[in-house]
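Right, one structure below, let's go through it.
Only a predicted model underlies this, so the values are computations on that prediction, with no experimental measurement involved. Both ligands and their constituent atoms are indexed starting at 1 by order of listing.
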Amino acid sequence: MALKHATPMLDELDKGPWPSFVSDVKRMAAKGNRMCEDWLGLMEMSYKDKEGHWKHGGIVGVLGYGGGVIGRYCDRPDLFPSVAHFHTIRVNQPASKYYDTAVLRKLCDLWEAHGSGLTNMHGSTGDIVLLGTTTDQLEPIFYELTHDFQMDLGGSGSNMRTPESCLGMSRCEWSCINTQDIIYDITQEFQDALHRPMFPYKFKFKASGCPMDCVSAIARSDCSIIGTWRDQVRIDQAAVNAY
Ligand code: HEM
Ligand code: HEM
Ligand code: SF4
């Protein structure tokens, strides 16, 4: 199927053996996804003009929350009506990012029905990032997430941000602390700060089970929690010999 907009510059990024976001978005556009079609046109124009055509058009969100949705609008809705709004939703990922495939399929279905179908698994902060939806879809999405998925929005703006942990004790032999438990606890304790902006800037917690620091808590968070040995390393020689 011929796509709505010609994209000679983006097409360059479609070439070669490596993964390409252009190939992905084109595949979705070819299936009749209007947002992806106009997204391609808008990107091509940005490449040509050497400037971004996304703009901030004000704050959007869901009732009672002051974060979790990042408002995006394009500055040429006349040319690209399907991406006139292209808001991003941050969804709090499960601790250490464990999913089963049923949930992942359901998330993709949700996003194809209510948004562009484009996702980013995961954003820098750790959230499931759902890219591109319109203001009228925000409450229905929020309702489904919280009622059918038992999932919540993440942080944005001057909220506390979605906390993140390494795999910790669930899979890693080096872990000195239960990072998932700590992050779950922090998430519950600071629900208010996570959903309502109360700081002059963002605030982040991250927990790594050992000094390897796989979530880069030191570089990426304001409060880094890192498991260490409190004492000399102790080895049960009898158990080692019996192995
Ligand atoms: C060539 C296209 C793009 C590139 C190379 C790009 C690059 C990036 C990078 C490197 C990050 C930080 C890493 C991350 O969060 O995973 C980021 C984050 C983000 N981008 Fe883009 N981006 C692109 C297109 C877009 C578009 C089209 C939108 C929305 C209209 C967008 C919205 C965002 C948002 C909301 C975040 C924050 C997500 C988070 O919490 O991590 N980006 N982008
Ligand atoms: C106009 C100013 C800035 C904009 C628009 C911006 C935007 C963003 C966005 C969209 C992200 C991804 C979402 C997130 O991790 O929360 C991000 C991440 C980040 N930004 Fe910025 N940023 C700005 C200034 C700064 C400054 C001044 C610093 C540090 C001196 C900084 C350090 C970081 C770091 C370390 C991350 C990654 C955090 C993580 O991985 O969790 N940013 N920024
Ligand atoms: S930070 Fe340490 S405990 Fe956590 S995954 Fe990395 S090596 Fe394992």
Side-chain angles (χ1 to χ4, degrees), residues 18-21 24 67-68 70 88-108 110-111 118-131 145-146 149-195 197-199 201-243:
W18 38 81
S20 159
F21 71 97
D24 289 350
I70 299 109
T88 296
I89 297 192
R90 290 197 181 138
V91 181
N92 196 328
Q93 79 285 4
S96 305
K97 307 191 176 99
Y98 283 103
Y99 302 93
D100 60 29
T101 50
V103 166
L104 291 175
R105 280 177 215 287
K106 246 179 94 178
L107 264 178
C108 292
L110 169 89
W111 202 237
L118 299 176
T119 66
N120 171 14
M121 304 289 280
H122 298 76
S124 293
T125 306
D127 300 273
I128 301 164
V129 175
L130 304 176
L131 288 158
L145 278 174
T146 45
F149 289 74
Q150 315 300 328
M151 284 184 179
D152 199 0
L153 297 189
S156 69
S158 299
N159 293 16
M160 186 186 103
R161 298 306 176 85
T162 313
E164 194 183 21
S165 62
C166 74
L167 293 168
M169 287 165 75
S170 70
R171 285 195 65 188
C172 183
E173 60 183 314
W174 305 111
S175 193
C176 301
I177 51 173
N178 188 340
T179 53
Q180 292 170 294
D181 190 47
I182 292 167
I183 286 306
Y184 182 75
D185 199 49
I186 288 173
T187 305
Q188 296 296 338
E189 179 68 27
F190 296 113
Q191 275 292 299
D192 203 25
L194 184 49
H195 297 310
M198 51 180 69
F199 305 125
Y201 193 52
K202 56 191 161 186
F203 193 92
K204 299 180 183 176
F205 286 98
K206 298 193 199 292
S208 285
C210 81
M212 283 287 285
D213 194 8
C214 288
V215 291
S216 293
I218 288 185
R220 296 168 56 213
S221 64
D222 302 278
C223 180
S224 328
I225 300 163
I226 296 182
T228 55
W229 287 99
R230 188 189 284 172
D231 207 337
Q232 284 186 322
V233 177
R234 275 165 290 182
I235 299 169
D236 184 345
Q237 292 296 352
V240 173
N241 286 330
Y243 183 67

Could you tell me whether Cys166 approaches ligand 3 through its side chain, its backbone, both or neither, with non-hydrogen atoms closer than 4.0 Å? side chain

Determine, stepwise, if the pair Tyr184 / Gln188 fulfils side-chain hydrogen bond (donor to acceptor under 3.5 Å, both in side chains). CA-CA 6 Å; Tyr184 182 75; Gln188 296 296 338; 3.2 Å; yes

Basic-acidic side-chain contact under 4.0 Å: Lys204, Glu164: no

Could you tell me, atom by atom, which parts of ligand 3 come under 4.0 Å of a heavy atom of Asp213? 1 (S)

Any idea which atoms of ligand 3 are less than 4.0 Å away from a heavy-atom of Ser175? 3 (S)

Near Cys214, which atoms of ligand 3 are under 4.0 Å from a heavy atom of that residue? 1 (S), 5 (S), 6 (Fe), 7 (S)

Kindly give the heavy-atom pair with the smallest separation between Met151 and Val91, and that separation in Å. SD-CG1, 3.9 Å

Please find the pair of heavy atoms, one from Leu194 and one from Thr162, that lie closest to each other, and give the distance. CD1-N, 3.7 Å

Near atom 2 (Fe) of ligand 3, is there an N/O/S atom from Cys210 that is less than 2.8 Å away? yes

Which of the atoms of ligand 3 are close to Ser208, meaning less than 4.0 Å from one of its heavy atoms? 1 (S)

Do side-chain atoms of Arg220 reach the backbone of Val215 as a donor and acceptor pair under 3.5 angstrom? yes

Contact check: Cys172 to atom 4 (Fe) of ligand 3, N/O/S below 2.8 Å: no

Checking Thr179 side chain against Ser208 main chain: does a donor-acceptor pair fall under 3.5 Å? no

